[in-house]
2 protein chains.
Amino acid sequence: MTYQKGRIRREDIISAAAVVYGEAGYHGSSLREIAKRVGMSHAGLLYYFPTKEALLAAVLERRDAEDSEREQLAAAPGLGVLRNFVALAEHNVRHPGIVDLYSRLAAEAVAPDHPAHEYFERHYRQARESVIGSFRVLASTGELREGVDPEFAALTFIALMDGLQVQWLTTPGDVDLVGSLRFYLGSLLTVPLDPEA
Amino acid sequence: MTYQKGRIRREDIISAAAVVYGEAGYHGSSLREIAKRVGMSHAGLLYYFPTKEALLAAVLERRDAEDSEREQLAAAPGLGVLRNFVALAEHNVRHPGIVDLYSRLAAEAVAPDHPAHEYFERHYRQARESVIGSFRVLASTGELREGVDPEFAALTFIALMDGLQVQWLTTPGDVDLVGSLRFYLGSLLTVPLDPEA
DNA sequence: CCTACCGATCGGTAGG
DNA sequence: CCTACCGATCGGTAGG
């Protein structure tokens, strides 16, 4: 009971921060703007998160937690992992704010001294490893087209997701996020991604 | 003769701005930092470019001019256009600063009110149209694999280039920019990209 | 949690 | 081109 209100307040702040980061990036966001959206002063916000960076860390932490939860990504390497990524894209299309946040931060964090730089290094490595493993399994069962290198396939698959998101945000009407992903997988696999109806 | 020095000075400022934008993005850059790198005061810089936005416009203008020059991209739709893109990637690998600039600005400019937003809208549309046309030609000559949709192929090709660049900047050792592009084209085409030796 | 404040930095202007 | 300045905004702290 006792810390309940504080915990809710913290969650509200994290949510507001995620939205503002998506709109303006991390460096482009101010504690005052985030605080205003949850109805407090920026000094009040600093009572919950001692620094600007601490708030960013909390946002990234919650994103990871949400991802793990949705994925149950324990999914064994193979088609299931790829289906999970497509499902993630479907989820993202319905929640553009997540795409905003992710794309803005990823691009900003290219700078080695950005506080989210290590987070994204880790993120890319993990994503690639997971996808490489899946393509390797598919190769061994003949579900990957002849001559397709699992490592290139994985690297380009991840890059494609990221590039599509930026392009989708810039010219939304011109980009079919999920369709493009399926198209690409179709060009690599010898079997349909989804079980036939 | 007369305006020679001023023109050179302007070029110096634009070059410095491009570097700083690549490091810190547009919003993250200050006129004072750019001015310092060319050895003048920020007020002096504003003598050459009346506002921060005017300097950004000049940077983008010069980029376009350089692109057109290198491309002679009048290259007729078809394999030549795709080869040009691969050549661009080869050029970029040797000039990471260009990739920094482009990736940072593109991501920032996702925001509709960003001063470079329209520039990137135009940029994406043009790139897509050029590549779509080329894939259509290749389809008509049987050089595109059966069942590959030219529009999806073009959209994903552009997205892949952008996504690869961000990932390359974040984890340079793990990403083969040019190889990934060739891999991708290889999975779409029925003919080699380059004429056999 | 708030008010009030700090030092730093920003883009831009005045006036030469 | 420079010095000097302006108003605005920033993250963070003091003190309650």
Side-chain angles (χ1 to χ4, degrees), chain A residues 1-60 104-105 108-109 111 113-117, chain B residues 1-60 104-105 108-109 111 113-117:
Chain A
M1 263 336 156
T2 26
Y3 297 109
Q4 203 62 19
K5 205 174 86 189
R7 243 180 269 147
I8 291 174
R9 212 75 167 114
R10 281 178 60 94
E11 288 304 311
D12 288 347
I13 294 171
I14 292 174
S15 300
V19 171
V20 177
Y21 292 169
E23 291 171 7
Y26 169 69
H27 282 127
S29 302
S30 73
L31 297 177
R32 281 168 174 85
E33 173 63 27
I34 296 165
K36 188 166 54 164
R37 300 207 187 184
V38 294
M40 65 170 68
S41 71
H42 90 282
L45 189 158
L46 286 165
Y47 167 80
Y48 289 100
F49 300 94
T51 65
K52 194 184 181 186
E53 272 198 46
L55 177 53
L56 173 62
V59 168
L60 295 176
R104 293 285 321 222
L105 286 187
E108 228 184 329
D113 60 342
H114 191 284
H117 184 75
Chain B
M1 264 331 158
T2 27
Y3 297 110
Q4 203 60 19
K5 206 174 88 190
R7 240 180 271 146
I8 292 175
R9 213 75 165 113
R10 280 178 61 94
E11 287 305 311
D12 287 347
I13 295 171
I14 292 175
S15 300
V19 172
V20 177
Y21 292 168
E23 290 171 8
Y26 168 71
H27 281 128
S29 302
S30 72
L31 297 178
R32 281 168 173 87
E33 174 62 28
I34 295 165
K36 188 166 54 164
R37 300 207 188 185
V38 294
M40 65 170 69
S41 71
H42 90 283
L45 190 157
L46 286 166
Y47 167 79
Y48 290 100
F49 299 95
T51 65
K52 193 184 183 189
E53 272 198 47
L55 178 54
L56 172 62
V59 169
L60 296 176
R104 293 285 322 223
L105 286 188
E108 229 183 329
D113 60 343
H114 192 283
H117 185 73

- For the pair Arg104(A) (side chain) and Tyr21(A) (backbone), establish whether a donor and an acceptor sit closer than 3.5 Å, ignoring hydrogens and angles. no

- To the nearest 0.5 Å, atom CD1 of Ile14(B) lies from atom CG of Leu60(B) at 10.5 Å

- Let me know which of Val59(A), Leu45(A), Leu31(A), Ile8(A) forms a side-chain contact (heavy atoms from CB on, under 4.5 Å) with Ile13(A). Leu45(A)

- Between the side chain of Glu53(B) and the main-chain N/O of Pro115(B), is any donor-acceptor distance below 3.5 Å? no

- Mind checking side chain to side chain donor-acceptor pair (under 3.5 Å) for His114(A) and listing every partner two or more places apart, or none if nothing turns up? none

- Task: Could you tell me the separation between the NZ atom of Lys36(A) and the C1' atom of dT9(D), rounded to a whole number of Å?
- Result: 12 Å

- Task: Whenever both distances are under 3.5 Å in a Watson-Crick or G-U wobble pair, mark it; put DNA chain D into dot-bracket that way, with [ ] for crossing pairs and | when the partner is on another strand.
- Result: ||||||||||||||||

- Once each nucleotide of nucleotides 10-16 of chain C is scored for protein heavy atoms under 4.0 Å, what B/S/- sequence comes out, 5' to 3'? BBBB---

- Interatomic spacing from CZ in Arg10(B) to OH in Tyr47(B) - rounded to 0.5 Å: 10.5 Å

- Derivation of the side chain to side chain contact (heavy atoms under 4.5 Å, CB included) call for Asp113(A) and His117(A): CA-CA 7 Å; Asp113(A) 60 342; His117(A) 184 75; over 6 Å; no

- Using a strict cut-off of less than 4.0 Å between a Lys/Arg side-chain nitrogen and an Asp/Glu carboxylate oxygen, indicate whether Glu33(B) and Arg37(B) qualify as a salt bridge. yes

